[in-house]
Amino acid sequence: MIPIRLDLAGRPVIIGAGLAGLATALQMAPEPVVVLAREPLGSGAASALSQGGIAAAIGADDEPALHAADTIAAGDGLVDTATASRVAEAAPAAIMTLLRLGARFDRDGADRLQLGLEAAHSRRRIVHAEGDGTGREIVRALVAAVRRAPSVTVIEPADARRLVVADGAIAGVAAQGPLGPFYIPTRRVVIATGGLGALYRHTTNPLGAVGQGLALAARAGAALADMEFVQFHPTALDIGRDPMPLVSEAVRGEGAILIDETGERFMADVAGAELAPRDVVAREVWRRQAQGRGVFLDARAALGHRFAARFPGIAAACRAAGIDPATAPIPVRPAAHYHMGGIAVNAAGQSSVAGLWACGEAASTGLHGANRLASNSLLEAVVTAGWVAESMAGQPPRRAGAWRADRLPPAANAKLVRGIVSDRLGLLRDREGLATAIAALRPLAFGNGPSADPVLVGLFIAAAALRREESRGGHCRSDFPNHAPGPPRRSELHLDELAPPLAGAAIAMGD
Ligand SMILES: Cc1cc2nc3c(=O)[nH]c(=O)nc-3n(C[C@H](O)[C@H](O)[C@H](O)COP(=O)(O)OP(=O)(O)OC[C@H]3O[C@@H](n4cnc5c(N)ncnc54)[C@H](O)[C@@H]3O)c2cc1C
């Protein structure tokens with residue numbers, strides 16, 4: 001029997017300690033909360049890797065309506081416009097919140113926040129830190145704030161493995177902790193487990209980003225939305241590392257161009273050129289590489305010897321591979337980078353299961369539609385953490401349920417799934433490949449092995465991608481190359497649509 005943490009019973013449990021999880025915990029204060037962090041605070045989170053920055057309309061020539069319009073344009077018809085306006089309007093206050101929590105952003109000589117430009121933003125509105133170390137600085141500040149906060153109990157490392165459901169509502173969380181398995185009875189759980197890029201062979205995400213929170217939520221009965229929309233970043237540093245270091249869009253924002261091995265600038269005739277939406281740039285790069293061509297990001301003319309000062313982290317990653325971006329083009333390739341879909345949530349961050357909230361990359365708020373606008377995800381993580389904290393604080397405590405299973409499922413391992421997901425669910429999809437993926441994934445998704453959760457997440461992507469008979473944003477079908485006729489629609493899927501009834505049900509327990 002797994003030990004029950006009665007000392008923590010009833011407290012809201014936040015699964016994940018990236019920006020979304022830490023910001024939720026801090027914004028719940030003074031109510032006591034528990035954070036389950038799979039790796040020691042500050043590591044294992046995509047938040048800490050983010051480079052370019054966080055978008056907010058704070059420039060003199062900018063306003064939230066312009067930011068929302070850019071977000072809507074990038075999302076290719078699927079952005080929830082009310083959410084885009086709400087998030088864009090909340091962005092300046094989110095920057096203030098981060099400053100209050102101790103984040104130090106880059107400033108100009110007059111002590112104003114420096115604002116960078118990124119693809120598909122019509123204004124300079126990217127707040128950044130240490131040049132390209134924005135996420136590291138934000139996470140540093142939030143980790144320090146959490147360590148100081150008496151209301152936050154962090155269990156690290158703690159790997160959440162299952163949610164318990166009773167009477168159709170969340171009743172507890174079972175996890176593997178530093179001293180073994182444990183169970184916390186609670187009626188309030190937040191999934192803040194980030195993205196799923198590590199299901200792919202080429203990714204910029206931490207290798208733990210296998211979408212496990214989505215699997216936990218789906219097994220508990222929650223709807224997942226827009227699962228087919230995976231964003232591939234066009235310029236991951238192609239030097240054989242896993243995960244791949246990122247060469248931020250901000251480098252193109254500063255004027256760097258994409259060239260092939262002959263030196264031809266192949267984006268010149270595409271609308272928006274190197275700063276076209278990510279899906280457009282990623283597919284152009286991918287097409288060249290599928291023809292056996294080399295692709296490079298050339299910052300020699302735009303930045304030259306200023307490169308290392310403006311982008312110290314990227315310069316260091318290049319140097320480690322023997323490349324000096326001041327004098328040589330940087331080898332790049334597309335890599336799975338961000339997931340627009342996730343746990344379907346309402347305007348308060350609530351999922352379709354009572355007592356289960358989600359925020360950050362694990363949630364699907366509709367902000368990103370079919371394609372995320374750069375630097376909107378850190379923003380979404382902070383803003384939606386506030387919505388979740390507010391919504392959870394208003395919930396009366398209820399009796400939680402017991403854990404009755406003998407043991408926990410094993411730790412998630414995505415090794416088995418990476419090949420099929422990369423080959424069939426990548427930048428270009430078709431019916432045959434998607435059907436092959438579904439046939440391969442379905443039997444494993446409902447087993448008890450270490451690959452079951454990553455496989456289930458892959459299965460959701462494949463099923464949603466098969467249903468969407470069109471190309472839109474990050475989802476591109478060679479057999480349906482255009483938008484479908486009629487109004488665009490978001491997609492939603494439940495576990496029971498993928499499997500025979502009961503085969504993958506959450507571990508349902510009585511009180
Ligand atoms: C290289 C890179 C650069 C980026 N640059 C930018 C940028 O400049 N601007 C921008 O807006 N966005 C950027 N993004 C995207 C952005 O970083 C993420 O979308 C955002 O940080 C997600 O925050 P999060 O808190 O939701 O998830 P994360 O920061 O990934 O945190 C997830 C947390 O959940 C934990 N976890 C996962 N599963 C479990 C489990 N079962 N039990 C317990 N804990 C678990 C993880 O260990 C981690 O602590 C970038 C992403 C990458 C990879």
Side-chain angles (χ1 to χ4, degrees), residues 13-24 35-56 91 94 116 118 126-129 132-136 138-139 142-143 154-163 173-177 190-198 203-217 231 233 235-237 243-250 253 313-314 317 335-340 342 358-363 368 372-382 384-385 408-409 411-412 453-454:
V13 175
I14 299 161
I15 306 176
L19 178 52
L22 297 177
T24 305
V35 174
L36 304 185
R38 189 194 267 151
E39 293 183 41
L41 285 195
S43 50
S47 299
L49 300 179
S50 63
Q51 297 180 343
I54 173 163
E118 286 190 345
I126 314 302
V127 178
H128 49 83
D132 57 6
T134 310
R136 193 170 56 239
I138 293 177
V139 169
L142 265 69
V143 167
V154 180
I155 306 184
E156 55 187 323
D159 189 25
R161 303 265 175 91
R162 280 297 174 266
L163 301 176
V173 182
Q176 178 72 28
V190 184
I191 303 268
T193 50
L196 51 67
T203 184
T204 61
N205 288 193
L207 295 182
V210 297
Q212 192 174 17
L214 278 55
L216 299 187
Q231 183 173 77
H233 198 290
T235 57
L237 184 57
M244 301 172 80
L246 182 71
V247 183
S248 161
E249 207 142 64
I314 301 170
H337 182 61
Y338 185 80
H339 187 221
M340 276 71 76
C359 59
E361 192 167 338
H368 310 293
R372 174 186 68 125
L373 182 67
S375 288
N376 263 355
S377 39
L378 291 176
L379 174 63
E380 186 191 38
V382 185
T384 58
L408 281 180
D453 282 352

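Positions are given from 1 along the sequence. Counting starts at 1 for both ligands and their atoms, following the listed order.
Within the structure, the closest approach of Ala209 to ligand 1 does not fall below 4.0 Å when heavy atoms are considered. Distances from ligand 1 to the non-hydrogen atoms of Gly208 include no value under 4.0 Å. Residue contacts with ligand 1 do not include Thr134, since none of its heavy atoms lies under 4.0 Å from the ligand. Within the 4.0 Å heavy-atom cutoff, Ile54 does not count among the residues contacting ligand 1.
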Take Leu142 and Leu19, measure what side chain to side chain contact (heavy atoms under 4.5 Å, CB included) needs, and give me the verdict at the end. CA-CA 8 Å; Leu142 265 69; Leu19 178 52; 3.5 Å; yes
CA sep, side-chain torsions, deciding dist, call: Leu36, Val13, side chain to side chain contact (heavy atoms under 4.5 Å, CB included): CA-CA 7 Å; Leu36 304 185; Val13 175; 3.8 Å; yes
What verdict does the side chain to side chain contact (heavy atoms under 4.5 Å, CB included) test give for Leu41 and Glu156, after you've listed the backbone C-alpha separation in whole Å, the side-chain angles of each residue and the deciding distance to 0.1 Å? CA-CA 7 Å; Leu41 285 195; Glu156 55 187 323; 3.6 Å; yes
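Looking from atom 45 (C) of ligand 1 to the surrounding protein, the closest heavy atom is Arg38 CB, 3.7 Å. The shortest contact between atom 34 (O) of ligand 1 and any protein heavy atom is with Gly16 CA, 3.2 Å. Protein heavy atom at the shortest distance from atom 30 (O) of ligand 1 is Ala46 N, 2.9 Å. Given atom 49 (O) of ligand 1, the protein heavy atom at minimum distance is Ala17 N, 3.2 Å. Scanning the protein for heavy atoms near atom 40 (C) of ligand 1, the closest one is Asp159 OD1, 3.5 Å. Among all protein heavy atoms, the one lying closest to atom 19 (O) of ligand 1 is Glu361 OE1, 2.7 Å. Among protein heavy atoms, atom 51 (C) of ligand 1 sits closest to His337 CE1, 3.6 Å. At the top of the distance list for atom 16 (C) of ligand 1, counting protein heavy atoms only, stands Ser377 OG, 3.7 Å.
When every heavy atom of Glu361 is checked against every heavy atom of Gly195, the shortest pair comes out as OE2-CA, 3.3 Å. Nearest approach of Leu216 to Leu163, heavy atoms of both residues: O-CD1, 3.8 Å. Nearest heavy atom pair, residue Ala385 against residue Thr24, reads CB-OG1, 3.3 Å.
Those atoms of ligand 1 with a heavy atom of Gly44 less than 4.0 angstrom away are 46 (C), 47 (O), 48 (C). Atom numbering of ligand 1 starts at 1 in the shown order; those under 4.0 Å from a heavy atom of Gln212 are 41 (N). Listed by atom number, the atoms of ligand 1 under 4.0 Å from Ala158 heavy atoms are 42 (N), 43 (C). Those atoms of ligand 1 with a heavy atom of Tyr338 less than 4.0 angstrom away are 19 (O). Atoms of ligand 1 found under 4.0 Å from any heavy atom of Ser375 (numbered from 1 in listed order, with element): 9 (N), 10 (C), 11 (O). Taking every heavy atom of Arg372 and a limit of under 4.0 angstrom, the matching atoms of ligand 1 come to 10 (C), 11 (O), 12 (N), 13 (C), 15 (C). Heavy-atom contacts of Asn376 reach the following atoms of ligand 1: 11 (O) (cutoff under 4.0 Å). Listed by number with element, the atoms of ligand 1 under 4.0 Å from a non-hydrogen atom of Leu36 are 43 (C), 44 (N).
Judged purely by atom type and a 3.5 angstrom limit, Ser47 has no side-chain atom pairing as donor or acceptor with the backbone of Gly18. Put simply, the side chain of Thr193 never gets that close to the backbone of Gln212: no donor and acceptor are under 3.5 Å apart. A donor-acceptor distance shorter than 3.5 angstrom exists from the side chain of Asp132 to the backbone of Gly313, with no hydrogens or angles considered. Using modelled atom types, one side-chain atom of Asn205 and one backbone atom of His337 make a donor-acceptor pair closer than 3.5 Å. In this structure, Gln176 contributes its side chain and Ala411 its backbone to no donor-acceptor pair below 3.5 Å. Remark: the backbone N or O of Gly53 is paired with a side-chain donor or acceptor of Ser375 at under 3.5 angstrom. Judged by distance alone, the side chain of Arg38 and the main-chain N or O of Gly44 form no donor-acceptor pair under 3.5 Å. In this structure, the side chain of Thr134 engages the main chain of Ala129 through a donor-acceptor pair within 3.5 Å.
Side-chain contact check for Glu380 and His368: at least one donor-acceptor pair (N or O, by modelled atom type) lies under 3.5 Å.
Ranked by closest heavy atom to atom 25 (O) of ligand 1, the top entry among Ala160, Ala37, Ala20 is Ala20. Relative to atom 23 (O) of ligand 1, the option among Gly18, Ser47, Gly360, Gly194 with the closest non-hydrogen atom is Ser47.
The shortest N or O to N or O distance between Leu378 and ligand 1 is under 3.5 Å. Checking only distances, Ser50 never comes within under 3.5 Å of ligand 1, N or O to N or O. Remark: ligand 1 and Leu216 share no N or O pair separated by less than 3.5 Å (distance only, no angle test). Of the N or O atoms in Gly53, one or more lie within a sub-3.5 Å distance of an N or O in ligand 1.
The CD1 atom of Ile54 sits 5.0 Å away from atom CD1 of Ile138, with the distance rounded to the nearest 0.5 Å.
In Leu246, the part holding a heavy atom less than 4.0 Å from any atom of ligand 1 is the side chain. At a heavy-atom cutoff of 4.0 Å, ligand 1 is contacted by the backbone of Ala192 but not by its side chain.
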